[in-house]
Amino acid sequence: MTENSYPFKKIEPKWQKFWRKIGLFKMDPRSPKTKYYCLMMFPYPSSALHVGHGRNYIIGDVVARFMMMRGFNVLTPMGWDAFGLPAENAAIKDGIHPKTSSLRNITRMKKQLDAWGTGYDWSREVTSCLPDYYKWTQWIFLKLYEKGLAYKKKAAVNWCPSCQTILANEQVIEGRCWRCDNQVTEKVLEQWFFKITAYAQRLLDDLSKLKEWPQRVRTMQQNWIGRSEGVRIDFPLEGEDKALSCFTTRVDTIYGATYMVLAAEHPDIEKLIEGAPNRDDILAFVEKVRKQNIASRATAEIEKEGIFTGRYVINPVNNRQIPLWIANYVLMEYGTGAVMAVPAHDQRDFEFAKKYNLPIEVVIDNPNEALNAQTMRGAYVDEGVMVNSAQFDGLDNRQAMEKIADFMEKKKIGQRTVHYRLRDWLISRQRYWGAPIPIIYCEHCGQVPVNEKDLPVLLPEKVEFRPHGESPLKQARAFVNTTCPKCKAKARRETDTMDTFVDSSWYYLRYLSPKDKNRPFEREIVNKWLPVDQYIGGVEHAILHLLYSRFITKVFYDLGLVDFDEPFKRLFTQGMIIKSGAKMSKSKGNVVSPDELIAKYGADTVRLYTLFIGPPEKDAEWNDRGVEGAWRFLNRVWRLIKQPNVAEGKKNDWLKRKTHLTIKKVTEDIEREFHFNTAISAIMELVNEIYKAQDEGVDAVAREEALEATVILLSPFVPHMAEEMWQLLGKKNSIFELPWPSYDKEAIQAEEVLIVVQINGRVRAKITVPYDITEEDLKEQVLHNEKVTTWIKEKPVKKFLIVPRKLVSIVL
RNA sequence: GCGGACGUGGCGGAAUUGGCAGACGCGUUAGCCUUAGGAGCUAAUGGAGAAAUCCGUGGGGGUUCAACUCCCUCCGUCCGCACCA
């Protein structure tokens with residue numbers, strides 16, 4: 001760094017202060033401009049931000065500044081997803097109260113955000129762990145409770161022994177805890193749920209409205225909801241006036257059902273095996289399978305095992321008696337926990353049938369090669385022709401599926417149904433650092449919701465929060481002991497807290513009236529500002545947070561609280577920043593902190609490099625050398641401003657053209673796909689051209705225009721430097737109050753164009769011709785071109801093709 | 001197993017509708033400037049070749065005057081879901 005290099009240390013704080021002073025990011029509710037809500041996923045206040053986080057905020061800041069210049073009334077708020085385990089774990093380890101550490105981290109992170117030059121309307125800051133926020137999280141719980149969408153039930157749940165808490169299905173990844181990566185086990189407990197399954201179909205259908213979401217995220221949500229259409233069939237029990245119902249998506253294979261299987265958790269098992277001679281063996285087997293808990297079932301492909309119950313059921317379409325088994329490969333959570341097994345046409349059933357010598361019967365034949373049940377080595381799961389299926393024989397199995405379903409519905413032995421993979425959202429957490437669930441248990445009245453006027457249910461501050469499998473709040477007597485809101489008798493409070501995803505499912509609404517004491521948000525204001533125009537965050541929230549937010553929004557819509565039923569119109573998921581081949585994390589020790597980088601090169605350099613590193617939706621490897629490149633470029637631009645144009649020279653139409661081409665390219669790159677990397681490279685090209693033009697001598701007007709364009713086009717990326725240079729160019733006011741430039745179409749059209757000449761598909765010559773040359777003249781020129789004639793020689797021209805202003809293709 | 005994305009120099013990555021492959025940057029090499037350079041400037045930089053030219057976008061095949069781009073097929077990488085009936 002020499003004395004001539006770009007003095008960011010003086011410049012950056014100056015402009016940060018200036019933006020605060022003029023309230024650049026403070027949204028004016030009375031502005032007549034069109035609204036633009038630019039939202040970034042609010043961060044968890046961990047100890048410090050790294051450059052990976054920065055990518056999110058920098059992208060958002062570029063969008064906000066760009067949209068401002070495009071004439072929108074931009075809202076970019078910021079807040080803190082401040083409840084959650086890490087703060088509590090730190091408290092257990094270091095003895096610092098989660099509130100203290102969270103608020104301290106918030107202060108630190110706010111400084112980091114400022115240092116990056118990212119601007120927010122801080123007057124709208126929300127912090128989810130503060131009572132004026134979680135009061136309304138609790139209020140939302142009450143609304144869902146009123147609507148019957150929040151309920152309590154005993155359930156086998158995912159239990160993380162290390163975090164000592166329950167996890168939602170969404171938080172179990174391959175049988176492991178999403179947070180600490182330990183094996184999850186099963187535990188039966190009374191838990192609170194939100195009935196998200198009631199919205200499964202709408203959450204699925206409305207994905208089609210989200211055209212501006214990444215396809216990947218929509219597919220992930222679709223798979224997660226997991227709708228499947230099929231038929232529910234009742235199989236009467238032999239010797240009893242009862243039936244077992246099962247669900248199948250392959251009703252066309254019903255004639256090939258040679259046995260039925262139950263999940264070990266099936267509630268009817270005890271009754272079914274009453275009096276069976278090997279009852280104890282069966283129970284022992286059931287017990288064994290149950291112990292193969294969620295975790296091991298998910299991680300390891302375990303050997304299929306089963307046991308015969310001694311009972312039989314009747315296949316209702318052909319009255320055939322088939323044996324009833326219990327097996328470890330049937331899941332209670334999906335369908336009815338009972339499956340009609342068709343070994344010939346289902347791989348799992350096939351393997352099981354082979355192992356236990358159960359009959360295999362082909363009912364769909366391969367049209368190309370006849371199947372043989374004795375010799376087949378796997379199930380045939382493709383399309384085919386119906387055989388051994390009574391009146392349905394000969395049909396195409398697709399058609400048969402419909403015909404059989406019709407037949408069963410008519411005969412009342414089965415019914416078309418839809419099943420979802422989505423489970424209800426388990427929101428209870430046996431931890432301290434979360435919003436208390438506003439429920440009171442009274443000896444007389446039972447489960448009673450807290451009155452709205454008594455909210456918030458304050459989280460007590462003095463609590464022993466070392467975990468012991470129960471909510472730490474259970475120890476806080478003053479908290480637990482209360483009176484019943486209905487009968488005033490002695491009562492006790494619910495001691496579980498809510499999943500932090502409840503907090504984050506509605507924060508984007510609170511930004512519109514963060515200080516409102518009377519309601520969570522104001523109807524008219526949120527209707528005006530929502531849906532969010534641009535949401536930016538990590539793809540890791542593709543399912544959890546985004547699905548929950550969509551659900552809560554739909555609930556609000558049904559409650560008449562809002563007029564929109566999707567919260568986020570456009571979603572952008574930025575890629576991770578990788579260092580040494582891995583995601584940055586403190587434990588891996590590969591964290592790149594922005595603090596030293598900003599101190600060494602300034603925020604603009606770090607911003608520029610972060611944006612230039614690659615397409616923002618893709619993961620990118622951080623390279624310290626690349627930062628130097630960004631620094632060099634900024635200095636190159638800086639020198640351009642500081643040094644006068646020495647050799648004032650001739651008119652330069654090329655520079656003017658390049659200027660306008662760059663305006664076009666940068667504008668489209670930002671607007672279209674957020675391709676900041678190519679936008680920046682286009683500006684680099686323009687800067688290179690300015691230098692070249694200066695060397696060759698350029699007129700002051702073209703140079704000035706190019707320079708101004710460079711500064712404006714750079715402004716969303718390197719705002720501090722842009723402001724400073726704008727001032728040096730003798731302009732008043734903030735550059736961000738300026739309208740984004742539009743390009744001059746005429747200037748882009750060149751006087752002369754380069755025409756590529758291909759002969760038999762190879763480039764053989766390049767010639768320059770007037771922009772508006774006629775086709776005849778062009779042909780004339782091409783055929784008389786020296787290079788072209790040497791290639792053509794005496795051969796006849798078979799084809800002569802012209803792509804206007806681009807190329808000529810000749811076939812010999 | 002199912003679903004999706006992708007495969008381009010030493011590296012990150014460019015390439016509107018098929019139309020000059022490798023923009024821009026990093027790195028490397030040579031030179032200039034400088035007391036010095038981890039600053040700046042100039043030039044070179046996919047491979048082979050003295051050159052004309054030829055070969056090059058994971059492999060093979062196809063469509064086309066023309067293919068990184070479209071079609072078929074194989075291989076590989078990444079991601080999501082996964083005993084879902």
Report summary line: The nucleotide from B:C81, B:C83, B:C84 with an atom nearest the side chain of A:Asn328 is B:C83
Query - Integer-rounded Å distance: B:G40 P and A:Leu640 CG - result: 15 Å
Query raised in the report: If anything within 90° of 0 is syn and all else is anti, what is B:G9?
Result: syn
Protein N or O to nucleotides 28-30 of chain B N or O, pairs below 3.5 Å:
none

Query - CA sep, side-chain torsions, deciding dist, call: A:Phe674, A:Phe572, ring-ring contact (aromatic ring centres under 6.0 Å, His included) - result: CA-CA 9 Å; A:Phe674 290 179; A:Phe572 186 85; 4.9 Å; yes
Report task. Could you measure between the two P atoms, the one in B:C41 and the one in B:A51, and give it in whole Å? Result -> 30 Å
Query raised in the report: A:Asp424 side chain to A:Ile196 main-chain N or O, any donor-acceptor pair under 3.5 Å?
Result: yes
Report task. Hey, can you tell me if A:Tyr334 and A:His419 have their rings parallel, tilted or perpendicular (30° and 60° cut-offs)? Result -> tilted
Query - Donor-acceptor side-chain pairing of A:Gln221 and A:Arg550 below 3.5 angstrom - result: yes
**Report entry** Counterpart residues, side chain to side chain donor-acceptor pair (under 3.5 Å), relative to A:Gln215 (two or more places apart)
**Finding:** A:Thr219
Query raised in the report: Is A:Arg764 touching bases, backbone alone, or none of the nucleic acid, heavy atoms closer than 4.0 Å?
Result: sugar-phosphate
Query raised in the report: P atom, B:A66 versus B:A21: distance in rounded Å?
Result: 14 Å
Query raised in the report: What interatomic distance, in whole Å, is found between C1' of B:G18 and the corresponding atom of B:U57?
Result: 15 Å
Report task. Sequence neighbours left out, what pairs pass salt bridge (charged side-chain N to carboxylate O under 4.0 Å, His left out) with at least one residue falling in residues 622-636 of chain A? Result -> A:Lys579-A:Asp624
Report summary line: Sorted by chain and number, sequence neighbours left out, salt bridge (Lys or Arg N to Asp or Glu O under 4.0 Å) with A:Glu617 holds for none
Report task. Between B:G80, B:A85, B:C41, spot the one nearest the side chain of A:Thr248, thanks. Result -> B:A85
Query raised in the report: Between B:G27, B:C65, B:A85, which nucleotide has the shortest distance from any of its atoms to the side chain of A:Lys799?
Result: B:C65
Query - Shortest side-chain distance from A:Lys664, nucleotide among B:U16, B:A82, B:C83 - result: B:U16
Report task. State the dot-bracket string of RNA chain B. Criteria: Watson-Crick or G-U wobble, both atom distances under 3.5 angstrom; notation: ( ) intrastrand, [ ] crossing earlier pairs, | interstrand, . unpaired. Result -> (((((((..(((......[....)))((((((.......))))))(((....)))..(((((..]....))))))))))))....
Query raised in the report: In whole angstrom, what separates A:Met576's CE from B:G12's P?
Result: 16 Å
Query raised in the report: Which pairs count as salt bridge (charged side-chain N to carboxylate O under 4.0 Å, His left out) when at least one residue sits in residues 221-233 of chain A, sequence neighbours excluded?
Result: A:Arg227-A:Glu229
Report task. If a pair satisfies side chain to side chain donor-acceptor pair (under 3.5 Å) and one of its residues is in residues 604-613 of chain A, list it, with sequence neighbours excluded. Result -> A:Tyr6-A:Asp604, A:Asp61-A:Arg607, A:Asp604-A:His720
Requested in this report: Identify, with sequence neighbours excluded, every residue that meets side chain to side chain donor-acceptor pair (under 3.5 Å) alongside A:Glu671.
Outcome: A:Arg70
Query raised in the report: Can you tell me how far P of B:A82 sits from CZ of A:Arg421, to the nearest Å?
Result: 4 Å
Query raised in the report: Hey, does A:Gly335 reach any base, or is it just sugar-phosphate, or nothing, if we go heavy atoms under 4.0 Å?
Result: nothing
Query raised in the report: Are A:Phe352 and A:Tyr329 an aromatic pair by the rule of ring centers under 6.0 Å?
Result: yes
Query raised in the report: Nearest to the side chain of A:Asp695 - B:C83, B:U42, B:C81?
Result: B:U42
Report task. Can you sort out the partners of A:Glu361 under side chain to side chain donor-acceptor pair (under 3.5 Å), two or more places apart, ordered by chain and number? Result -> A:Arg320
Report summary line: Whether each nucleotide of nucleotides 1-8 of chain B has a protein heavy atom under 4.0 Å at its base (B), only at its sugar-phosphate (S) or at neither (-) is summarised, 5' to 3', as --S-----
Query raised in the report: So, is A:Arg636 near the phosphate of B:C41, with a side-chain N or O under 4.0 Å from OP1 or OP2?
Result: yes
Requested in this report: Take atom P in B:C70 and the same atom in B:U17, then report the distance between them in whole Å.
Outcome: 10 Å
Report summary line: In whole angstroms, the gap separating C1' of B:C24 from NZ of A:Lys692 amounts to 13 Å
Requested in this report: Answer yes or no: does a side-chain N or O of A:Arg762 lie under 4.0 Å from OP1 or OP2 of B:A67?
Outcome: no
Query raised in the report: A:Ile613 or A:Ile759: which one's nearest nucleotide on RNA chain B is closer to the 5' end?
Result: A:Ile613
Query raised in the report: Tell me: NZ of A:Lys600 to P of B:G38, nearest whole Å?
Result: 13 Å
Report summary line: Quick note, salt bridge (charged side-chain N to carboxylate O under 4.0 Å, His left out) partners involving residues 210-223 of chain A, not counting sequence neighbours, are A:Glu212-A:Arg570
Report task. Could you please name the option among B:A14, B:C26, B:G25 that lies closest to any side-chain atom of A:Pro615? Result -> B:A14
Query raised in the report: Using the C1' atom in both, what is the distance from B:C65 to B:C72, to the nearest Å?
Result: 23 Å
Requested in this report: Please say which of A:Asp252, A:Asp382, A:Thr253 ends up in a side chain to side chain donor-acceptor pair (under 3.5 Å) with A:Asn397.
Outcome: A:Asp252
Report summary line: Here the distance between atom C1' of B:C24 and atom NZ of A:Lys658, to the nearest Å, is 10 Å
Query raised in the report: What integer distance in Å separates A:Arg348:CZ from B:A82:C1'?
Result: 10 Å
Query raised in the report: If we take the P atom in both B:G49 and B:G59, what is their distance in whole Å?
Result: 22 Å
Report summary line: Walking RNA chain B from its 5' end, the first of A:Asp619 and A:Phe633 to be reached, judged by nearest nucleotide, is A:Asp619
Query raised in the report: Could one point to a donor on the side chain of A:Lys798 or the base of B:C65 with an acceptor on the other under 3.5 Å away?
Result: no
Look for any protein N or O under 3.5 Å of an N or O in nucleotides 18-23 of chain B and output each such pair with its distance, or none.
{"unit_1": "B:G19", "atom_1": "N2", "unit_2": "A:Gln758", "atom_2": "OE1", "d": "2.5"}
{"unit_1": "B:C20", "atom_1": "O2", "unit_2": "A:Lys766", "atom_2": "NZ", "d": "2.5"}
{"unit_1": "B:A23", "atom_1": "O2'", "unit_2": "A:Glu685", "atom_2": "OE2", "d": "3.0"}

Requested in this report: Give the ring-plane orientation class for A:Trp325 versus A:Tyr356, where under 30° counts as parallel, over 60° as perpendicular and anything between as tilted.
Outcome: tilted
Query raised in the report: Using the C1' atom in both, what is the distance from B:G56 to B:G22, to the nearest Å?
Result: 11 Å
Requested in this report: Please confirm whether A:Phe8 and A:Trp631 have ring centers closer than 6.0 angstrom.
Outcome: yes
Query raised in the report: Side-chain contact, heavy-atom cut-off 4.5 Å: A:Lys798 with A:Ile810?
Result: no
Query raised in the report: For A:Asn635 and B:G37, what is the distance between atoms CG and P respectively, to the nearest whole Å?
Result: 20 Å
**Report entry** B:U42 versus B:G25 - spacing of their P atoms, nearest Å
**Finding:** 12 Å
**Report entry** Contact under 4.0 Å: A:Asn688 side-chain N or O vs B:G25 OP1/OP2
**Finding:** yes
